[in-house]
Amino acid sequence: PEMYAPLVQKGAQILLVPSAFTVPTGAAHWHTLLKARAIENQCFVLAAAQFGRHNEKRESFGHSLAVDPWGNILADAGGYPCDGSGSEEAPETKDPPTVITCEIDLDMIDSTRQRMPLDQHRKNAKFSFEQ
């Protein structure tokens, strides 16, 4: 998660995240991780995700997403089901992935940061992992 903090400090409002998660890992973590990145950085996250069988050993989960700074999913292009079963075998998709678009209201970033001033909290915090 810390790789995005310097981008936000330099003024980033939209974070772009490419991915090729496997089906079991994607089903278990993809949506949760992107929502967390959007919330903790108070930015929009646009995540392009590969989908489908690449060869007999590799299958990607899909679900390109757009997430707002509050963690709401604005658009989901689809992919394999998000059942979180952890199965190594990819189930059939109900709906094939598609192209997605969504409206991005950059004013939402300011209102989110006013309601939850994480930047101020980070500046005032002192972290140490030394023993």
Side-chain angles (χ1 to χ4, degrees):
E2 293 306 310
M3 69 186 284
Y4 299 108
L7 297 172
V8 174
Q9 289 169 355
K10 292 179 180 180
Q13 296 176 302
I14 299 172
L15 303 174
L16 305 178
V17 181
S19 166
F21 268 52
T22 63
V23 174
T25 305
H29 302 295
W30 180 239
H31 288 73
T32 303
L33 290 172
L34 291 176
K35 290 168 78 170
R37 297 303 81 84
I39 293 165
E40 71 196 6
N41 291 290
Q42 299 178 314
C43 288
F44 286 89
V45 171
L46 303 179
Q50 289 185 21
F51 167 78
R53 181 178 290 278
H54 307 294
N55 59 47
E56 66 224 22
K57 295 182 180 181
R58 177 83 180 160
E59 214 159 2
S60 293
F61 178 62
H63 291 277
S64 293
L65 296 177
V67 185
D68 74 18
W70 200 248
N72 298 309
I73 295 175
L74 303 175
D76 183 336
Y80 289 106
C82 302
D83 65 4
S85 67
S87 170
E88 289 299 318
E89 226 170 280
E92 292 296 316
T93 59
K94 293 179 185 167
D95 298 313
T98 186
V99 174
I100 55 174
T101 62
C102 68
E103 295 288 326
I104 292 180
D105 178 5
L106 294 177
D107 291 335
M108 184 180 188
I109 294 169
D110 291 333
S111 68
T112 301
R113 290 176 181 173
Q114 287 173 359
R115 287 186 288 170
M116 194 169 56
L118 296 182
D119 191 42
Q120 289 177 1
H121 297 167
R122 282 186 182 119
K123 286 179 184 172
N124 295 329
K126 294 185 191 236
F127 297 101
S128 176
F129 297 103
E130 296 178 23
Q131 292 185 356

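The figures that follow rest on heavy atoms only: side chains count, while hydrogens, waters and symmetry mates do not.
The minimum heavy-atom distance linking I100 with A77 is given by the pair CG2-CA, 3.5 Å. What you find for E56 and R53 is that their closest heavy atoms are O-NH1, 3.5 Å. Residues E2 and P6 come closest through the heavy atom pair O-CD, 3.2 Å.
In the hydrophobic clustering of ILVMFWY residues, with side-chain heavy atoms under 4.5 Å counting as a link, V99 and L65 come out apart.
D76 meets the side-chain hydrogen bond (donor to acceptor under 3.5 Å, both in side chains) test with H31, H63; sequence neighbours excluded. For S111, there are no side-chain hydrogen bond (donor to acceptor under 3.5 Å, both in side chains) partners, not counting sequence neighbours.
Judged as a ring-ring contact (aromatic ring centres under 6.0 Å, His included), the pairs with a partner in residues 6-29 (not counting sequence neighbours) are, in order, F21-W30. Listed by first then second residue, pairs satisfying salt bridge (charged side-chain N to carboxylate O under 4.0 Å, His left out) with a partner in residues 20-35 number zero, not counting sequence neighbours. Sorted by first and then second residue, the salt bridge (charged side-chain N to carboxylate O under 4.0 Å, His left out) pairs involving residues 100-114 (not counting sequence neighbours) form an empty list.
When atom types are taken as modelled, the side chain of N41 and the backbone of R37 share a donor-acceptor pair closer than 3.5 angstrom. A donor-acceptor contact shorter than 3.5 Å links the side chain of S64 to the backbone of A49.
F61 is listed as a side-chain neighbour of C82, based on a closest heavy-atom distance under 4.5 Å.
Annotation for L118: hydrophobic cluster partners, listed by chain and number, are I14, L16, I39, F44, L46, W70, L74, I104, L106, M108, I109, M116 (ILVMFWY side-chain heavy atoms under 4.5 Å, direct or chained).
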